[in-house]
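Note that ligands are numbered from 1 as they come in the structure, with each ligand's atoms numbered from 1 the same way.
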Amino acid sequence: MSSTSSEVLVADKVWMDGKFLRWEDANVHLMTHALHYGLGAFEGIRAYKTKDGRLAIFRLKEHIYRFLDSAHICLLKMPYSADELSHACIELLRQQRDRFANGAYLRPIAFMGHGAMGLGAINPTRVAIAAWDWGAYLGERGIREGIRAKVSSFTRHHVNVSMVRGKITGQYVNSILAKREAVMAGYDEAILLDISGFVAEASGENVFIVNRSGVIRTPPVSSPILAGITRDTVIRLLRDSGRAVQEVTFTRDAMYIAAEVFLTGTAAEITPVREVDNRQVWDGKPGDITRWVQEQYSRVVRGHEPRYSEWLTYV
Ligand code: PMP
């Protein structure tokens, strides 16, 4: 079973501050600083059932390093090393092996705990890792047929307002407002522009376009985007297959006249976009490159491509 955003999550265990707790015991105090002011770092990681039936976490090392970087950027002192956090992720899945036999979504989170209040307070960092079942983030139909996206009325971060290299909890209010605006208007996802009006990223995914000459483009990491690990994976897979990928900025109407548009993210995986702002993308069906990337990504994360086996950490 996989959850949607409206379902209540339950699993058996949570790793919290160095201990394995029962799911229902993993609570925080009302006066948790991060709850009030949003100072926290988090990650989203997937584990897949591989071809030999074992569970493997995809690109664990890169996610843990980004987690540490996010904490460092927002001056959260991280009491655990990369090895300790990686081990906790593995152990959490090992202890729930039967439950997560078909895959899992892992959520490490570090945040300023309770103690003092006020913006200048420095309280001990709390660190936790939860795991749950999470199916297709933008829906099974979205993965198969593509989603409808809307350019948001909300602008993506400015690089000197938000720290765009960090996956920082409070920064997600911008994403939530954009996402809810899009969903309330009848779309599946929001695509946000940067302050100059160029395409940045979706509320929780990076954006790729393929133009009618087959040129593949995605905004560069100098844009206000999260340096997505799926984005990096997709660029590597495309380049290894002999296809060029240009990391360049482009305008919203480049999406309107693209042959293909797709989104990448750990939760959303590779999701085709069939419509942007009520303009059908090409024939409204996922294109050849999108299909190839979906298929190749699915093979890589499940251990079918030995060339990329260093990306898998078996549980
Ligand atoms: N952009 C944003 C704003 C995100 O939240 C995410 C999800 N972490 C992504 C892009 C995609 O990143 P990744 O591929 O590392 O999951």
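Looking at D133 and Y105, their side chains never bring a donor and an acceptor atom within 3.5 Å of each other. If you check the side chains of R59 and T233, you find a donor sitting under 3.5 Å from an acceptor.
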N/O to N/O under 3.5 Å, ligand 1 against protein:
from     : atom 1 : to   : atom 2 : distance (Å)
ligand 1 : 1 (N)  : E201 : OE1    : 2.6
ligand 1 : 5 (O)  : K167 : NZ     : 3.3
ligand 1 : 5 (O)  : Y172 : OH     : 2.5
ligand 1 : 8 (N)  : K167 : NZ     : 2.9
ligand 1 : 14 (O) : I229 : N      : 3.3
ligand 1 : 14 (O) : T230 : N      : 2.9
ligand 1 : 14 (O) : T230 : OG1    : 2.5
ligand 1 : 15 (O) : R66  : NH1    : 2.8
ligand 1 : 15 (O) : R66  : NH2    : 3.0
ligand 1 : 15 (O) : I229 : N      : 2.7
ligand 1 : 16 (O) : T266 : N      : 2.9
ligand 1 : 16 (O) : T266 : OG1    : 2.6

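Ion pairing between a basic and an acidic side chain is recognised when a charged N comes within 4.0 Å of a carboxylate O; R22 and E24 show such pairing.
Geometric assessment of R148 against the ring of Y187 yields a positive cation-pi assignment under the 6.0 Å and 45° thresholds. A cation-pi arrangement is absent between R107 and W134 under the rule of less than 6.0 angstrom and at most 45 degrees off the ring axis. For the pair R54 and Y314, the cation-pi criterion (under 6.0 Å, within 45° of the ring axis) is fulfilled.
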